[in-house]
Structure formats: structure tokens, C-alpha cells
Amino acid sequence: MLGNFSFFWVKKDFSLYRILKMLFRLNFLVVVTCLVVRNEYMLYYICPMHTFWFLSTYCFMKLLNSWNDYPGKMAVKFTGYFVIVFLLFDVPGVGEIVFKPFGFILSYQNSLHEWMFRAGLDHYATLLGMLCAYFHPNFEKLMRYLDEKQSVKRTAIRVFIAFVCLSAFALWVRYLFVLDKYQYNKLHPYFSFIPLLSFIFLRNMFPTFRKSYLNMFTWLGRITLETYISQLHIYLQSNAKMLISFIPGYPLLNFALATTIYLILSYHLFHLTADISAYVIAKDIKTMFWTIAIGAVWLGACYAVGGIFPGS
């Protein structure tokens, strides 16, 4: 949620338009997919997770937003956010009670277990992202200071930071990464920041490492939501339990064909979602609600017809 925090912090735009644009981006494709294939929303757990954490970031920045320019008051807000997340996911039973009214959305096979597990697995990641966004200006100042000129002191600072990051990462690999799945899952929420921050610091600590990047990852990062949803229907089937075989007996050719379809489809789904969002989510509230109402009726009619003629 680094990007959303930065947007609210810099732009100070807490409008309904901004919320609806994000909610539409996160949920339009998955809602249509659920209606078409008759899957439960929580099967695509990334979407409800991103929705929840986006709304939590919005509430964090919107409530007492006059405090956002004062470090001391922001420390209080960050502490309050930490306490709420701790109560929801680290105190047994609290999360189930709080999320129970939303069970009609968050339940999977009539249980909140999947939601509590998936959301709880990275329940401090949003806090980490917001802290990174908040301290990013300070980090940039540090980088500018280290890059201004070469000196023994500045080189020593770089080496020390790199040593701390490498040591922390090595300990994480030695004692956590090697654990089996179930043991690791219990510790992941509390130690996942180690590889993340280690990479961020090491990637930026030396100018040589900052000079290049893989454009492929930048491109894929823009369509990550679509790639997540598409994989469940292009690579996989039976609710991600089996692989789809387009060319039986030729696994590498099958993978190449599936990947080609997967990337092309995800790319076009991203642009379709953006185009439909631009049409549906208008800045004029009256126009927007009329468009949403018409779209809801149309989707409802399509769903009803599909129920009457399931084979059509």
C-alpha cells in the first residue's frame, strides 16, 4: 500500500471518486469472473485482501487527516493502526467476531478460515508499506548524502548498512526460510520484513545497482491483478487443483502456449478494465450512479439468463 499511502499523503484527495476508482479496479474483473464461472469471491483471495487493506489505508489517512503533516501525531496514528491489526489477527477470536457480519462476502465454503489465514499471513505488510512511504523522503536524503561525494565516512556507512542487511538476510534464510510450510507460516507475518527491507536497502545502497532494471517486471507489475485472476483459468482448472493440458504429452510446448495466451489475455483484460472504469466511474456523481445502476441491471439480467439457460 505504499502507492496509496503516498497518493493520500501528497495529493490529499480523499474523494468518493478516488475510492470508487480503486474499488472498481480491484473488483470489477473478479466479480464478472465469479458470475461467469460461478466461483466464490474468496477463491480469488488477493482481491478481497487488497480491497480490505486499501480501505484500511484510506481510513488511516482520512481520519484525523490534519495530523498527517506532524511526525509526532503520525506516530500516534501508526501506533493505533498497529494495535488494531494486532487485535484483529493476533488475539484469538477477535477477527472472527469483527469479520462475521461480512461473512456473506468473505466466507469460503461457509467458513471464515480462508479469509483469516490469507489476510493474517501478511497482516503487517500494509503497515510496513505505509512506513516505507512515510520515511521515503528521509531515505532519499540519505542516498543523496551518500552519493554527493566519496569519503571514508560515507563508504563506511554504506558498508555497515550492507553488512547489517546481509547478516539479517542470512539469519532469516538459516533459521526461517528452511522451515516446513506450516512452521514457516506461523512466523511469516513477523519476519517477512527482513528479506523485503534487505533487498530495498541493498538495491539502493550502491549506485551501480540502481543503474538498470528489468523492464519485463515493470510491465508485469502493471497487470499483476489480471495475471493473478487469469492464471486460475489458463494454467489451472478445478479451483487451482489441476493443470490445463492444451497439448497433451508435450509439457514445455503446453507451457509456452499457455503463457502466450496468459500474457496476451491479461494485458487486454487490464486495458478493458481501465476503459470500462473510465466510462463507469465518472466525476459527476449523478451520471456515475446512473451508469452503475444500468450496468448492475445488465449484469443481473445476464446472470439470470445464464441461470435459466445454463448450457447456452
Side-chain angles (χ1 to χ4, degrees), residues 1-13 53-54 56-58 60-61 64-83 85-86 121-179 184 187-224:
M1 290 301 163
L2 185 150
N4 286 309
F5 179 95
S6 297
F7 177 89
F8 292 131
W9 193 25
V10 175
K11 300 287 187 180
K12 296 179 172 57
D13 179 3
W53 294 115
F54 163 72
S56 78
T57 303
Y58 173 82
F60 176 87
M61 295 301 290
L64 301 172
N65 59 81
S66 62
W67 289 20
N68 294 348
D69 295 324
Y70 301 96
K73 293 180 178 179
M74 281 298 281
V76 174
K77 290 182 70 172
F78 278 120
T79 302
Y81 186 91
F82 168 80
V83 170
V85 172
F86 173 82
L121 200 57
D122 288 291
H123 60 272
Y124 289 118
T126 296
L127 177 60
L128 177 64
M130 292 196 295
L131 287 170
C132 286
Y134 186 70
F135 287 107
H136 183 256
N138 302 84
F139 185 74
E140 283 192 321
K141 289 179 182 177
L142 174 63
M143 292 299 100
R144 284 196 296 270
Y145 168 75
L146 294 177
D147 291 344
E148 278 175 358
K149 62 180 181 180
Q150 294 293 330
S151 69
V152 175
K153 178 183 177 181
R154 298 178 197 215
T155 301
I157 293 173
R158 291 184 195 273
V159 172
F160 175 74
I161 294 175
F163 173 77
V164 170
C165 291
L166 287 172
S167 298
F169 181 72
L171 290 171
W172 176 81
V173 172
R174 173 66 179 83
Y175 294 104
L176 296 173
F177 187 68
V178 295
L179 296 174
Y184 178 81
L187 299 173
H188 175 79
Y190 315 106
F191 294 98
S192 60
F193 72 92
I194 294 175
L196 291 173
L197 292 184
S198 295
F199 174 80
I200 291 171
F201 275 97
L202 291 171
R203 174 76 167 80
N204 291 280
M205 196 50 53
F206 299 96
T208 303
F209 296 159
R210 288 184 248 138
K211 288 181 179 178
S212 59
Y213 66 95
L214 287 175
N215 189 61
M216 178 184 69
F217 290 153
T218 303
W219 181 78
L220 286 171
R222 297 192 186 102
I223 61 172
T224 182

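The local environment of CZ in F209 is sparse, with at most 12 non-hydrogen atoms from other residues, nucleotides or ligands closer than 6.0 Å. Residue F139 qualifies as enclosed at atom CZ: its count of foreign heavy atoms under 6.0 Å is above 12. Heavy-atom neighbours of F201 CZ from other residues, nucleotides or ligands within 6.0 Å: at or below the threshold of 12. Around the OH atom of Y70, the shell of radius 6.0 Å holds no more than 12 heavy atoms that belong to other residues, nucleotides or ligands. Around OH of Y184, the count of heavy atoms belonging to other residues, nucleotides or ligands within 6.0 Å exceeds 12. Within a 6.0 Å sphere centred on CD of Q150, other residues, nucleotides and ligands contribute 12 heavy atoms or fewer. More than 12 heavy atoms of other shown residues, nucleotides or ligands fall within 6.0 angstrom of atom OH in Y145.
Listed by chain and number, the residues in a side chain to side chain donor-acceptor pair (under 3.5 Å) with D69 amount to none (sequence neighbours excluded).
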Run the side-chain donor-acceptor check on residues 160-169: report pairs under 3.5 Å with partners two or more places apart or on a different chain.
residue, atom, partner, partner atom, Å
S167, OG, F163, O, 2.8

Problem - Residue pair E140, N204: steps toward the side chain to side chain contact (heavy atoms under 4.5 Å, CB included) verdict - result: CA-CA 10 Å; E140 283 192 321; N204 291 280; over 6 Å; no
Exercise for the section: Output, in order, the C-alpha distance, side-chain angles, deciding distance and verdict of side chain to side chain contact (heavy atoms under 4.5 Å, CB included) for V85 and W53. Expected result: CA-CA 11 Å; V85 172; W53 294 115; 4.2 Å; yes
Problem - Worked check of side chain to side chain contact (heavy atoms under 4.5 Å, CB included) between Y81 and T79 - result: CA-CA 5 Å; Y81 186 91; T79 302; over 6 Å; no
Exercise for the section: In sequence, state the C-alpha distance, the side-chain angles, and the governing distance for H188 and L121, and then conclude on side chain to side chain contact (heavy atoms under 4.5 Å, CB included). Expected result: CA-CA 7 Å; H188 175 79; L121 200 57; 4.0 Å; yes
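Residues in residues 123-136 take part in these side-chain hydrogen bond (donor to acceptor under 3.5 Å, both in side chains) pairs, two or more places apart or across chains: D90-H123, D90-Y124.
One finds the CZ atom of F78 at 4.5 Å from the CG atom of L131 (value rounded to the nearest 0.5 Å). Note that CE of M130 and CZ of F60 are 5.0 Å apart. Values are rounded to the nearest 0.5 Å. Separating the CZ atom in F193 from the CG atom in D122 is a distance of 13.5 Å, to the nearest 0.5 Å. Note that the OG1 atom of T57 and the CH2 atom of W9 stand 14.0 Å from one another [nearest 0.5 Å]. Here the straight-line distance linking atom CG of L187 with atom CH2 of W172 works out to 11.5 Å at 0.5 Å rounding. Rounded to the nearest 0.5 angstrom, R158 CZ and L146 CG are separated by 4.5 Å.
Of all heavy-atom pairs spanning V173 and V178, the tightest one is O-CG1, 3.4 Å. Between R210 and M143, the closest heavy-atom pair is NH2-SD, 4.0 Å.
Side chain of N68 to main chain of M61: a donor-acceptor pair is present (N/O by atom type, distance under 3.5 Å, no hydrogens or angles).
No side-chain heavy atom of Y58 sits under 4.5 Å from any side-chain heavy atom of N4.
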